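Remarks on the structure that follows.
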Amino acid sequence: MQRCVFFGLVFFLASLSTMYTVSLASDLEVDFYRSTCPAAEHIIRRVVNEAIFENPGLGAGLIRMHFHDCFVRGCDASVLLDSTPGNPAEKEHPANNPSLRGYEVIDNAKLELEYECPQTVSCADIIAFAARDSASRLGGIDYAVPAGRRDGLISLKDDLNQNIPTFFFNLQQLRQNFTNKGLSLEEMVTLSGAHSIGVSHCSSFSSRLYSFNNVTNQQDPSLDLTFADDLKPECPNEFGPDSPGPTVNLDYVTPYKLDNMYYKNLLDRRVLLTSDQALMTSRTTVNMVRRFSKNRAAWKRKFAEAMVRMGSIEVLTGDEGEIRRNCRVVNSYY
Ligand code: HEM
Ligand SMILES: *[C@@H]1O[C@H](CO)[C@@H](O)[C@H](O)[C@H]1NC(C)=O
Ligand SMILES: *[C@@H]1O[C@H](CO)[C@@H](O)[C@H](O)[C@H]1NC(C)=O
C-alpha cells in the first residue's frame, strides 16, 4: 500500500515536471555535494520555493542572475560581490542596477548552508541550483545541475560592457555575443525563451514606442499596432537609464509561467525588446521560433540542455578561486 502511494506520488510529480539528464564535458559533476553537504540542494530548493511563493518575480530574477553571472568572468558568482571603495562591482552596471533581483534569496540560502556545512557550497553553485529550481517551479523544467564551481575574487562594473548584450542589439551582434561564450545560435534562441517570465523596465523598450531610430514620435514598425497602443499607458513617455520608469511583463499572456509563449508572442510581434524581435530577422531563427512555438516539450528539453551549457561557461574548479563565506564579499575581506 505504501509503495502504491509512493509510486502514485512519483507519477503525479513526474506528470507535473519533466526531468532531463544532460551530459557534458566539463570538470563539473552532478550530485557534487553528495558526501560533503548532502542537504545542500534540498536547502536551496526550499529557500527558492519559499521566495517564489512570496513573489514569483524572484524566480525570473534568479534565472536572469545565472545568465548575467555566467556571461561575465564565467559562472563564478562575481555578480554577487558588493562594490568596495573605488571599485564599483558588476551590480552597479545599468544592465544590473536597478533591474537584477534575487540577491536576498541567495543570501538566505547561503546563511542556512553555512550553518549546515560551513564553507563548502560555493555561491556560484547556489546561483546555478537556484536558477534550476526557479525553472522547475515556474515551468516544470527540471534537470540535474553539474556542480563544483568555485567563487571568483573579482567583480568589475565595466566588464558588462564587453560581455552582456543589450536590448537594442541586432541579430548579428547578439549571435556574436553568444558565440563568444561558446553558445550556438539555437542555444541563444532557446535561452531567450526565458523572456516568457518576468518584467522589463520601460527604459529598455520605450524608444520603440516614441522615438524609433531617434525620430521623434516614430514607432517601431515591427511592433504590433494594438500591442503598442496597450503599452503606451503603461509607459506613458520615453524613459532612459536615469529614470527607468515602471515595469511591464515580458510575456503579456502567461507572465508567471516559464513556457513557450514567448515564441508565439514573437510570431505575433508582441514582444518588448528590440533584441527579442531581432530573432525574427533571419530565416534560420524564424524557423527555430516557429518550431518552439508549436512544440513546448521540445523547447523545454532544449532549455534544460542550454541552461546546463550556459552554466559551464569558464567555471573555476579544483583549487581555483575560493568558497566564499558570505556571497557579497571575498574571504580575505575579513
Ligand atoms: C539574448 C540576449 C538578451 C538580452 C539583450 C536580454 C535583455 C533583457 C532586458 C533588457 C531585460 C529587462 C531588464 C529591465 O529593464 O528590467 C531582461 C529581462 C530578463 N531576462 Fe533577458 N536578455 C537576454 C537573454 C536572456 C537570457 C539568456 C536569459 C536567461 C536564460 C534571460 C532572462 C531574463 C529574465 C528571466 C528576465 C526578467 C527578469 C526579472 O523579471 O527580474 N535573458 N532581459
Ligand atoms: C556583441 O557583438 C558585437 C558585434 O560583434 C560587438 O560589437 C559587441 O561589442 C559585442 N558586445 C557584447 C556585450 O558582447
Ligand atoms: C540616437 O541618438 C543618441 C544620442 O544622440 C546616439 O547616441 C544613438 O547612437 C542614436 N541611436 C540611433 C539608433 O541612431
Side-chain angles (χ1 to χ4, degrees), residues 48 51-52 54-73 75 77-83 88-108 123 126-128 130-131 134-135 138 155-169 173-174 177-178 181 188 191-210 231 234-252 255-258 262 265 271-278 307 310 327-328:
V48 168
I52 292 179
E54 293 289 326
N55 175 5
L58 291 171
L62 291 166
I63 290 174
R64 184 170 184 234
M65 182 183 283
H66 193 35
F67 165 48
H68 281 205
D69 184 32
C70 293
F71 267 56
V72 183
R73 292 185 179 269
C75 318
S78 53
V79 69
L80 298 178
L81 288 173
D82 283 342
S83 299
E90 291 175 25
K91 284 182 173 173
E92 303 307 331
H93 191 279
N96 287 334
N97 180 14
S99 58
L100 194 63
R101 47 181 173 164
Y103 298 110
E104 299 77 14
V105 184
I106 305 293
D107 288 338
N108 290 342
C123 299
I126 299 176
I127 299 177
S134 301
L138 297 175
S155 179
L156 302 171
K157 172 188 176 187
D158 288 344
D159 273 350
L160 273 80
N161 297 333
Q162 286 77 47
N163 295 288
I164 296 289
T166 59
F167 52 81
F168 52 77
F169 276 2
Q173 294 170 315
L174 295 169
N177 303 154
F178 276 70
K181 302 297 165 185
M188 181 177 100
L191 289 168
S192 299
H195 289 176
S196 84
I197 49 170
V199 298
S200 170
H201 288 77
C202 291
S203 53
S204 301
F205 63 89
S206 54
S207 69
R208 297 183 76 199
L209 299 171
Y210 300 111
L231 289 175
E234 297 196 65
C235 300
N237 54 58
E238 188 164 352
F239 291 89
D242 298 330
S243 85
T247 58
V248 176
N249 290 330
L250 284 162
D251 173 1
Y252 76 105
Y256 302 114
K257 229 176 137 218
L258 182 60
Y262 172 76
N265 294 340
V271 289
L272 297 186
L273 309 175
T274 298
S275 51
D276 290 325
Q277 199 59 47
M307 286 291 277
M310 185 175 82
C327 291
R328 293 174 183 262

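Note that the coordinates shown come from a computational prediction; the quantities given were computed from them, not determined experimentally.
- Counting heavy atoms from C-beta on, the side chains of Y103 and C327 never come closer than 4.5 Å.
- Although no hydrogens or angles enter the test, the distance criterion places no donor-acceptor pair under 3.5 Å between the side chain of D251 and the main chain of I197.
- Taking both residues in full, the closest heavy atoms of S78 and S155 are given as O-OG, 2.9 Å, listed atom of the first, atom of the second, then distance.
- Smallest separation of non-hydrogen atoms from G193 and Y262: CA-CD2, 3.7 Å.
- Residue T166 holds its OG1 atom at 7.0 Å from CD of Q173, rounded to the nearest 0.5 Å.
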Problem set entry | Audit row: H195, V271, side chain to side chain contact (heavy atoms under 4.5 Å, CB included) steps and yes/no | CA-CA 9 Å; H195 289 176; V271 289; over 6 Å; no
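- Among all heavy-atom pairs drawn from A51 and L58, the shortest one is O-CD1, 3.8 Å.
- When every heavy atom of M65 is checked against every heavy atom of G102, the shortest pair comes out as CE-C, 3.7 Å.
- Panel note: side chain S83, backbone P88; no donor-acceptor pair is recorded below 3.5 Å.
- Between the side chains of N96 and K157, no donor-acceptor pair of N or O atoms lies under 3.5 Å.
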For this session: Evaluate the criterion side chain to side chain contact (heavy atoms under 4.5 Å, CB included) for residue pair L191 and F178; output intermediate values, then yes/no.
Result: CA-CA 11 Å; L191 289 168; F178 276 70; 4.3 Å; yes
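- Side-chain atoms of H201 do not come within 3.5 Å of backbone N or O of S203 as any donor-acceptor pair.
- Between I63 atom CD1 and I127 atom CD1 the span is 13.0 Å, to the nearest 0.5 Å.
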Exercise. Stepwise, does the side chain to side chain contact (heavy atoms under 4.5 Å, CB included) test hold for K91 with L100?
Worked result: CA-CA 8 Å; K91 284 182 173 173; L100 194 63; over 6 Å; no
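- The shortest heavy-atom contact between L174 and S275 is CD1-O, 3.5 Å.
- Rounded to the nearest 0.5 Å, atoms CG (L272) and OH (Y252) are 11.0 Å apart.
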For this session: Run the numbers on N55 and R101 for side chain to side chain contact (heavy atoms under 4.5 Å, CB included), then give the verdict.
Result: CA-CA 11 Å; N55 175 5; R101 47 181 173 164; 4.2 Å; yes
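- With rounding to the nearest 0.5 angstrom, the CZ atom of R208 is 11.5 Å from the CZ atom of F167.
- For the atom pair CZ (R328) and CG (L80), the distance works out to 8.0 Å, reported to the nearest 0.5 Å.
- To the nearest 0.5 Å, the span separating OG on S134 from NE2 on H66 amounts to 10.5 Å.
- In this structure, P244 and P98 have side chains that are in contact, with non-hydrogen atoms separated by less than 4.5 Å.
- At distances below 3.5 Å, at least one donor-acceptor pair connects side-chain atoms of S196 with backbone N or O atoms of K257.
- When all heavy atoms of S204 and L273 are compared, the closest pair comes out as O-CD2, 3.6 Å.
- For Y256, the OH atom counts as loosely surrounded, since its 6.0 Å shell holds 12 or fewer non-hydrogen atoms of other residues, nucleotides or ligands.
- Considering only heavy atoms from C-beta on, L209 stays 4.5 Å or farther from E238 through its side chain.
- Put simply, the side chain of S200 does not reach to within 4.5 Å of the side chain of T247, judged on heavy atoms.
- At distances below 3.5 Å, not a single donor-acceptor pair connects side-chain atoms of N177 with backbone N or O atoms of N163.
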